[in-house]
Amino acid sequence: MIDRNDNFSDGARLIKFIFRWRKILLVTLAVSLVVSVVVSLIMKPKYESSGIVYPTPTKSPEKILVEPQFGYDVDADWLMQLLKSDIVMDTLVMKFNLAGYFRLDTTKKEWKDRLYRKFHKTMTFERTRYMSIEIKALTHDPELSAGLVNTV
C-alpha cells in the first residue's frame with residue numbers, strides 16, 4: 001500500500017508542517033520578538049576605546065625624534081609586562097576612581113579581588129603581529145573608556 005505522503009514533494013511537506021503548527025510558530029515568534037525588544041531596551045550600551053602603542057628600542061624622546069624606529073620582540077615583551085603590572089593598574093584605579101565606578105563596597109575584605117577581576121575585564125592589552133601593543137577599554141561611559149586608553 002502506498003502512503004499519501006510519499007506523493008508530496010519536500011516543499012509541500014514543509015508547507016503542510018508549517019500550516020499544521022502555525023499557531024505555535026506564530027506565538028513563539030511573537031514572544032521572541034517581545035522578549036528581544038525588552039532586553040534591548042533594558043541593556044546599557046558599552047563603549048570601547050582602543051589605541052596602539054609601538055615600543056621603541058630607546059627610552060630617550062630626543063633619540064626617538066631623530067631616529068624613529070620601532071622596537072623588537074624584547075621591547076614589545078617589556079612593554080607588555082609593564083602594562084600588565086600592578087603599578088599601571090593601581091595608577092588607573094586611583095586616577096579614575098574605578099572602585100566607585102564598579103560600585104564596590106570597600107569595607108568588605110574581598111573588594112580588591114573583585115576590583116582586579118573587573119579591571120581585567122575592562123582593560124585588555126594585546127600584542128599584535130606588527131610588534132605593537134593594542135590597548136582596549138570597554139565601559140559604560142565613553143569618556144572613561146577614552147580616558148583610560150589615553151592615560152596608558
Side-chain angles (χ1 to χ4, degrees), residues 10-11 14-15 17-152:
D10 288 337
L14 177 64
I15 291 172
F17 175 80
I18 291 173
F19 186 73
R20 182 184 306 156
W21 296 98
R22 69 184 178 278
K23 291 179 184 176
I24 293 175
L25 292 172
L26 288 175
V27 168
T28 304
L29 178 68
V31 169
S32 300
L33 182 67
V34 168
V35 168
S36 65
V37 167
V38 168
V39 168
S40 296
L41 293 174
I42 290 174
M43 284 178 30
K44 289 173 59 176
K46 284 195 171 189
Y47 300 94
E48 180 181 76
S49 292
S50 64
I52 295 181
V53 177
Y54 289 94
T56 59
T58 180
K59 308 302 178 251
S60 169
E62 294 83 21
K63 285 186 179 180
I64 293 172
L65 292 175
V66 173
E67 271 183 50
Q69 61 179 339
F70 300 127
Y72 301 103
D73 283 342
V74 175
D75 300 313
D77 289 339
W78 177 83
L79 186 58
M80 279 295 292
Q81 288 177 358
L82 178 69
L83 292 174
K84 290 186 174 186
S85 69
D86 288 342
I87 296 169
V88 171
M89 186 185 71
D90 291 339
T91 302
L92 292 173
V93 165
M94 295 299 289
K95 183 173 182 177
F96 293 100
N97 188 21
L98 292 179
Y101 171 76
F102 294 134
R103 295 184 181 129
L104 297 174
D105 185 9
T106 56
T107 59
K108 295 184 179 180
K109 63 180 179 180
E110 72 272 356
W111 76 273
K112 237 178 186 176
D113 184 49
R114 288 184 180 177
L115 175 69
Y116 289 158
R117 277 191 263 134
K118 289 188 179 210
F119 178 82
H120 290 299
K121 287 181 182 177
T122 302
M123 293 288 300
T124 58
F125 306 102
E126 295 178 1
R127 192 168 151 184
T128 67
R129 63 180 181 189
Y130 302 112
M131 296 301 153
S132 62
I133 309 295
E134 184 176 25
I135 304 163
K136 289 183 183 179
L138 183 66
T139 66
H140 293 289
D141 181 17
E143 286 84 23
L144 179 61
S145 292
L148 286 168
V149 171
N150 289 332
T151 300
V152 173

Return the minimal non-hydrogen interatomic distance between Y130 and Y54, and the atom names on each side. O-CE2, 4.3 Å
Here the gap from Y116 atom OH to D90 atom CG, rounded to the nearest 0.5 Å, amounts to 5.0 Å
Is a side-chain N or O of T151 found less than 3.5 angstrom from the main chain of G147, in a donor-acceptor match? yes
Got a sec: does the CD1 of I87 have more than 12 other heavy atoms crowding it under 6.0 Å? no
Just so I know, are the side chains of V152 and F125 near enough to count as touching, which here means a heavy-atom distance under 4.5 Å? yes
Is any side-chain heavy atom of L79 less than 4.5 Å from a side-chain heavy atom of L83? yes
Using a 4.5 Å cut-off on heavy atoms from C-beta on, say whether the side chain of K95 contacts that of L148. no
Derivation and outcome, side-chain contact (heavy atoms from CB on, under 4.5 Å), residues K112 and L104: CA-CA 9 Å; K112 237 178 186 176; L104 297 174; over 6 Å; no
Looking at every heavy atom in both K44 and H140, which two are closest together, and how far apart are they? CB-ND1, 3.7 Å
Between CD1 on residue I135 and CG on residue N150, distance to nearest 0.5 Å: 9.5 Å
Spacing of CE belonging to M94 relative to CG belonging to L92, to within rounding of 0.5 Å: 11.5 Å
By salt bridge (Lys or Arg N to Asp or Glu O under 4.0 Å) - contacts of D86 (at least two apart): none
One should read off an interatomic distance between L115 CG and T106 OG1, to the nearest 0.5 angstrom, of 10.5 Å
Can a donor-acceptor pair be found between the side chains of T122 and T139 at a distance below 3.5 Å? no
Is there side-chain contact between Y47 and E143, with heavy atoms separated by less than 4.5 Å? no
Can you confirm whether M89 sits close enough to H120 that some side-chain heavy atom of one is under 4.5 Å from a side-chain heavy atom of the other? yes
Return yes if some donor-acceptor pair links the side-chain N/O of R20 with the main-chain N/O of F17 below 3.5 Å, else return no. no
Give a yes or no on whether R103 atom CZ has more than 12 heavy-atom contacts from other residues, nucleotides or ligands under 6.0 Å away. no
Where do T124 and L138 land on the side-chain contact (heavy atoms from CB on, under 4.5 Å) test, with the steps shown first? CA-CA 9 Å; T124 58; L138 183 66; over 6 Å; no
What's the separation between atom CH2 in W111 and atom CZ in F102, rounded to the nearest 0.5 Å? 11.5 Å
Interatomic spacing from NZ in K136 to CD in E48 - rounded to 0.5 Å: 5.0 Å
Closest non-hydrogen atom pair between P142 and S49, with its separation: O-OG, 4.3 Å
Nearest heavy-atom neighbours spanning S50 and V149: C-CG1, 3.8 Å
